[in-house]
Amino acid sequence: MPYHEFECSKCIPERKKHAVIKGPGEDLTSALPLGYLNTIPGTISERGCAYCGAKHVIGTPMKDVIHLSHGPIGCTYDTWQTKRYISDNDNFQIKYTFATDMKEKHVVFGAEKLLKQNMLEAFKAFPHIKRMTIYQTCASALIGDDLNAIAQEVMDELPDVDIFVCNSPGFAGPSQSGGHHKINIAWINQKVGTVEPKAITSDYVINYVGEYNIQGDQEVMSDFFKRMGVQILSTFTGNGSYDDLRAMHRAHLNVLECARSAEYICNELRVRYGIPRLDIDGFGFEPLGNSLRKIALFFGIEERAQAIIDEETARWKPELDWYKVRLTGKKVCLWPGGSKLWHWAHVIHAEMGLDVVSVYTKFGHQGDMEKGISRCEEGALAIDDPNELEGLEAMETLKPDIILTGKRPGEVAKKIRVPYLNAHGYHNGPWKGWEGWVRFARDIYNAIYSPIHELSRLDISKDEIPGDKGFVTQRMLSDANLPEEVRNSATLREYTGKFDCLEALRHKTYPTFERKAAAAVAG
Amino acid sequence: MADQMDDLMKSRMAQLEDYIMKNCLWQFHSRSWDRKVQNEGVLTRTMQILCGEPVANETPIDKCHWVDAVVLAEEFHRRCPWLAGMDKAEVKTLMGALREHMDYLTIDGSLNLELTDQHY
């Protein structure tokens, strides 16, 4: 097994089995790190807790819900507004966060009364919102507050409200992934099948699962589905509606994007309701095109998907290629939380020319590493649950041109002058869809070639500061070694989309497609 | 089966495997029993499509395997022009060996400790 031992972690020998280098001829039977295990004492993990995984990642993107944490205020504060899962209802779920603000006295005397009072006050303060999720935290779990009983009392007093109890305290798993699991299973057990869909408007009905509408990704994908005449019955959970998600059992197909956070509910929907699970890639021209084709094939509407693929590729390919020629050969550490390590590993190489020199996952399971290692090239260093020192050592050894990661390791990277992009919340997203993929390439380009990095790499305590040179632009840096015909290509061009590419989608009208039953009657 | 293949067939199988492992997701369901069903469902249908045989897609789950198989067969054709020169028997031998190998990579030889977890 090609394990990699970090110099900085030699004092923590258990860490050795959490990193491997994919060598020549290695496959998954010989190169796979351990994963989804309790963090080893002595190593400072970058993980979140199971409450965070349940609330911050999966629960809160639901848009028409009061999300109430039953615990100290810090729990809700630290899971608020740092991930940009926007919604088309004026971002209610991002604007407001709710907590019962448990104190020491509540730990001693119990906090159920406090919880009930907070729930009633929240519904009173926002009378147009009739749905609520209550999140258990470590403090309220340890004192044994009965959240289900209080939720039932409030539903009895306010018959027009519905409440979901998420029992995933911070300690309920090795990482945030434990919380993903718990909220998936809790939702299907408590809520799926409790209402019927408001309306079935198409012969082709899907649940779009594991999509969190980061900077509008869900709305971009929704545009493609609407153009194909496919109805999204529910989105789990970005820009998703609580009641739509209660009706998931009526879909014909579960389209699964982030399998790390949401495969559990897809598996259960398959077992309990016979709805199949189709895993897709929404990032990158070719993977997305193939994904739309598969959904269309499932419903027998291939030509609708092909029309979208042709139109979007023709519109955006010259712009993607403008960036590709300037990014080719640049080294990337692909260090996201979980699923993006495999969603991106092969396609940023194939379509942007980037070389992935390392993949890591904070909370992924071995299944995520199987996908990530399969998709990256030989020589890549794969790390599970790295600590900060390992991250620094890897950057010093591999010398990446950019890292794609979260904001905590990202800030560490900046300190050693390595540009980073926020893989969780994005920079100038959305990054899904054809246009989104070009926006991603633009963000990578802007990060790598930002003139500020040229300046920041100079150490004023020892380097000679070139006072005789003027300001250097991005183009001067990126085009320095490009041949003339590429530099001034008549076919390639920089991104020409709008600053806000979502606004138009929200007011767009879509073609109507005749339904099979109506067509049969007419015939 | 793979042991009895000549070098040419082995290198061809490696090309097909490389495409699947880099571009597909269906082989990575989370439990051994799911992976068995997925490998069988998708690769059998891919072989049938490549051989011009009828393919079962009656149930929604069959259909899901079928759509993955259709796209896979197209990509195989696009990337591996030598497929067109093979007869049905050779394609069946190749795809049989590929399936056996995929079972080994993703199930029997896998180092993933979660594959045998009893629950989702």
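Convention: sequence-line order gives letters A, B, ...; per-chain numbering from 1.
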Note, Lys22(B) side chain near Glu377(A) side chain (heavy atom, < 4.5 Å)
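When only atoms from C-beta onward are counted, Glu377(A) and Lys22(B) do touch, with a gap below 4.5 Å.
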Is there side-chain contact between Leu113(B) and Tyr36(A), with at least one heavy-atom pair below 4.5 Å?
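With C-beta onward as the side chain, the pair stays apart.
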So which residue, [options], ends up with the most heavy-atom pairs under 4.5 Å with chain B?
{"options": "Glu263(A), Met369(A), Arg270(A)", "value": "Arg270(A)"}
{"options": "Asn290(A), Ile275(A), Val347(A)", "value": "Asn290(A)"}
{"options": "Asp281(A), Asn267(A), Ile373(A)", "value": "Asn267(A)"}

Which atoms of [X] approach chain B - backbone, side chain, both or neither, heavy atom under 4.5 Å:
{"X": "His365(A)", "answer": "both"}
{"X": "Ala296(A)", "answer": "neither"}
{"X": "Leu34(A)", "answer": "side chain"}
{"X": "Val271(A)", "answer": "side chain"}
{"X": "Glu302(A)", "answer": "neither"}
{"X": "Ile280(A)", "answer": "backbone"}

Salt-bridge criterion met for Arg277(A) and Asp34(B) (N-O under 4.0 Å):
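Looking at Arg277(A) and Asp34(B), the cut-off is not met.
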Could you tell me whether Arg78(B) and Glu286(A) make a salt bridge, using a distance below 4.0 angstrom between a side-chain N and a carboxylate O?
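A salt bridge links Arg78(B) with Glu286(A).
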Do you know the tightest heavy-atom contact between Cys64(B) and Leu253(A)?
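Here Cys64(B) and Leu253(A) meet closest at SG-CD1, 3.8 Å.
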Can you see which heavy atom on Gln366(A) is nearest to which on Leu111(B), and at what distance?
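Smallest interatomic distance, heavy atoms only, reads NE2-O, 3.4 Å.
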For side chain to side chain contact (heavy atoms under 4.5 Å, CB included), just list the numbers for Leu28(A) and Met21(B), CA-CA rounded to whole Å, side-chain angles, deciding distance to a tenth of an Å, and then say yes or no.
CA-CA 10 Å; Leu28(A) 295 179; Met21(B) 297 305 274; 3.6 Å; yes
Among the listed options Thr106(B), Asp68(B), Val70(B), the residue most often paired with chain A at heavy-atom distances under 4.5 Å:
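Of the options given, most contacts go to Asp68(B).
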Could you go through Val71(B) and Leu297(A), starting from their C-alpha distance and side-chain angles, then the distance that decides it, and tell me whether this counts as side chain to side chain contact (heavy atoms under 4.5 Å, CB included)?
CA-CA 9 Å; Val71(B) 173; Leu297(A) 273 164; 4.0 Å; yes
Begin from the C-alpha positions of Asp279(A) and Gln27(B) and carry the test side chain to side chain contact (heavy atoms under 4.5 Å, CB included) through to its verdict.
CA-CA 10 Å; Asp279(A) 292 42; Gln27(B) 73 275 24; over 6 Å; no
Quick check: does any side chain N or O of Glu114(B) sit under 3.5 Å from a backbone N or O of Gly367(A), one acting as donor and the other as acceptor?
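Not confirmed, Glu114(B) side chain does not pair with Gly367(A) backbone.
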Has the side chain of Lys63(B) got a donor or acceptor atom that lies under 3.5 Å from a matching backbone atom of Phe298(A)?
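Yes; at least one donor-acceptor contact below 3.5 Å.
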